[in-house]
Amino acid sequence: MIDLRILRNQPELARQAQRRRGESPELVDEILAQDEARRTTIAHFEKLRAEQKAMGKEVATAHGDDKAQLLATTRELSTQVKEAEVAQIRAEQALAAAMTRLPNLAAPEAPAGGEDDYVVLEHVGEPRDFAAEGFDPLDHVELGKRLGAIDIERGAKVSGARFYYLTGVGADLELALVNMAMDQARGAGFTTMIAPSLVRPRAMEGTGFLGQAAGDVYHLPADDYYLVGTSEVALAAYHSDEILDADSLPRRYVAFSPCYRREAGSYGKDTRGIWRVHWFDKVEMFTYTTLEDSYAEHERMLSWEKEWLDSLELAYRVIDTAAGDLGLSAARKFDCEAWIPTRGGYGELTSTSNCTEFQTRRLNIRGRFADGVKPLATLNGTLVAIPRTIVAILETHQMADGSVRVPEALQPYLQGRTSLDPIR
RNA sequence: GGAGGUGUCGCAUAGUGGCCUAGUGCGCCCGCCUGCUAAGCGGGUUGAGGUUAAUCCCUCUCGCGGGUUCAAAUCCCGCCACCUCCGCCA
């Protein structure tokens, strides 16, 4: 949800933001028209309602013929008030519906265009040169089999395509990564959380996942619950309808949760292995802060993600996502893409978005400041999405003999193991 | 799953159809008083929207949504949350 005042006062700014996303600037004008209509109906209703209330007082004290007279007119007025109220509610709903379709205003810094129009901000680390080392790297599917870490066949047998079991060291690896990520985040001042992964429509809608991403979301119609695609949903809705004291900001939460994604429209894409799956576990960072601080917090989020990838000794690049690839709620997004040897390219491991006031306006989350009550800003950032991180670690740190070197920082979390060794 | 109860301002409470413009206490804020502090005294203290240059003013907001009525915190219905008990259960 965007501040209506921005749309009223600087409509061209909003139109431009839409164009840079490759979306309709006309939506802005449609909203402004709805807003105009809404305000007209409000004025009409309030005038009648004030009149009704005034007459109501007279009725209370009137007697006999006077009272009968008043009741006649006030009865008529009552129906008018009801009609005016219905008109007002309709106009407000129409405006709200139009507003819901409007994505967050893309930041001026976000590159214009679609998925492929990202800007590379930096490269960190060197992709490993297997040719120079004299062997061909195996992909994570093969490595996972040999280590007894990933069982894709049985995942498919039990749950279908894009499911898997993590077994033995694979499962150990997940627990190690989760604990290590939680330690890093806790050290940075985050409050650790275990959040629900089943939420009501309000939480889903409020975080912006029932817009263009709705097809990617699992819905349980019998109970009208949604399975979250990220714990961002539960963390954003955590403070819904609350007013947070300014001196409690920034509030930083880090949550572990399973994530569920239908991956609609990705048929035939990344079908091999566990790169793209319907369910995975993730540790996600989430911050509530002021709009003014959100830009610096976004940089901090990114730096925490980089610290994480550095500690896993992965080579990666950071991209500034283009406006058209931001999703409904983000104003700006940075992705960290790790080098995946057998893909021969970079793949997204983490992502951090500044959603500015978009989610807090929808979820009614505000802060109490010296100069009044104002919406807050929210940011989210991946620390570790398990399957993709496992893919990157296995493929990057594999040795010629089929074993996998454990990065030093991870060793304490893996019972001190320095390598994962094939079991067959 | 069944039965019963509760939901009012930051907190605690009053309020069973019009005198509620929601009272009172606590907390908080601003004054006054006062060697200092405390006490005392006076005033203020939900949020949203409309209108406005701003103030004033107006409307909505008593868990949420409907309904009855000229008029709803108050009566009726549905939903949600919490509490107690019964049943089932990791």
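Protein chains get the first letters and strands the later ones, always in sequence-line order, with residue 1 at the start of each.
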Partners meeting ring-ring contact (aromatic ring centres under 6.0 Å, His included) with [X] (sequence neighbours left out):
X: A:Phe45; result: none
X: A:Phe280; result: none
X: A:Tyr316; result: none
X: A:His219; result: A:Tyr226

Base-pairing assignment for [N] (Watson-Crick or G-U wobble, both under 3.5 Å):
N: B:A48; result: B:U59
N: B:G10; result: B:C26
N: B:C20; result: none

Separation between the [atom1] atoms of [N] and [M], rounded to whole Å:
N: B:G23; M: B:C77; atom1: C1'; answer: 30 Å
N: B:A72; M: B:C85; atom1: C1'; answer: 33 Å
N: B:G15; M: B:C20; atom1: P; answer: 14 Å
N: B:C62; M: B:C11; atom1: P; answer: 16 Å
N: B:C19; M: B:U61; atom1: P; answer: 15 Å
N: B:C64; M: B:C80; atom1: P; answer: 15 Å
N: B:C60; M: B:U74; atom1: P; answer: 14 Å
N: B:U51; M: B:U69; atom1: P; answer: 33 Å

side-chain hydrogen bond (donor to acceptor under 3.5 Å, both in side chains): pairs with one or both residues in residues 84-95 of chain A, sequence neighbours excluded: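 Checked against side-chain hydrogen bond (donor to acceptor under 3.5 Å, both in side chains) - neighbours excluded - the pairs reaching residues 84-95 of chain A are A:Gln88-A:Glu92.
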Of the residues in residues 36-44 of chain A, which ones touch RNA chain B at a heavy-atom distance under 4.0 Å?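 Those residues are A:Arg38, A:Arg39, A:Ile42.
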Residues touching RNA chain B, which here means a heavy atom under 4.0 Å, drawn from residues 95-105 of chain A: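 None, since no heavy atom is under 4.0 Å.
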Across nucleotides 54-76 of chain B, 5' to 3', mark each nucleotide with B, S or - according to how protein heavy atoms within less than 4.0 Å reach it. ----BBS---------BS-----
Residue-phosphate contact under 4.0 Å: A:Arg200 side-chain N/O, B:C80 OP1/OP2: no
Pairing residues for A:Glu115 by the side-chain hydrogen bond (donor to acceptor under 3.5 Å, both in side chains) criterion, not counting sequence neighbours: none
Using a 6.0 Å distance limit plus a 45 degree cone around the ring axis, check whether A:Lys374 lies over the aromatic ring of A:Phe369. yes
Flag the pair A:Phe163 / A:Tyr165 as yes when their ring centroid distance falls below 6.0 Å, and as no otherwise.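 No, the ring of A:Phe163 stays outside the 6.0 Å limit from the ring of A:Tyr165, centre to centre.
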Under 6.0 Å between ring centres: does that hold for A:Tyr260 and A:His278?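 Centroid distance A:Tyr260-A:His278: not below 6.0 Å, so no.
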Go through the structure and list residues passing salt bridge (charged side-chain N to carboxylate O under 4.0 Å, His left out) with [X], not counting sequence neighbours.
X: A:Glu174; answer: none
X: A:Arg200; answer: none
X: A:Lys53; answer: none

RNA chain B: A:Ile243 or A:Leu4, which has the more 5' nearest nucleotide? A:Ile243
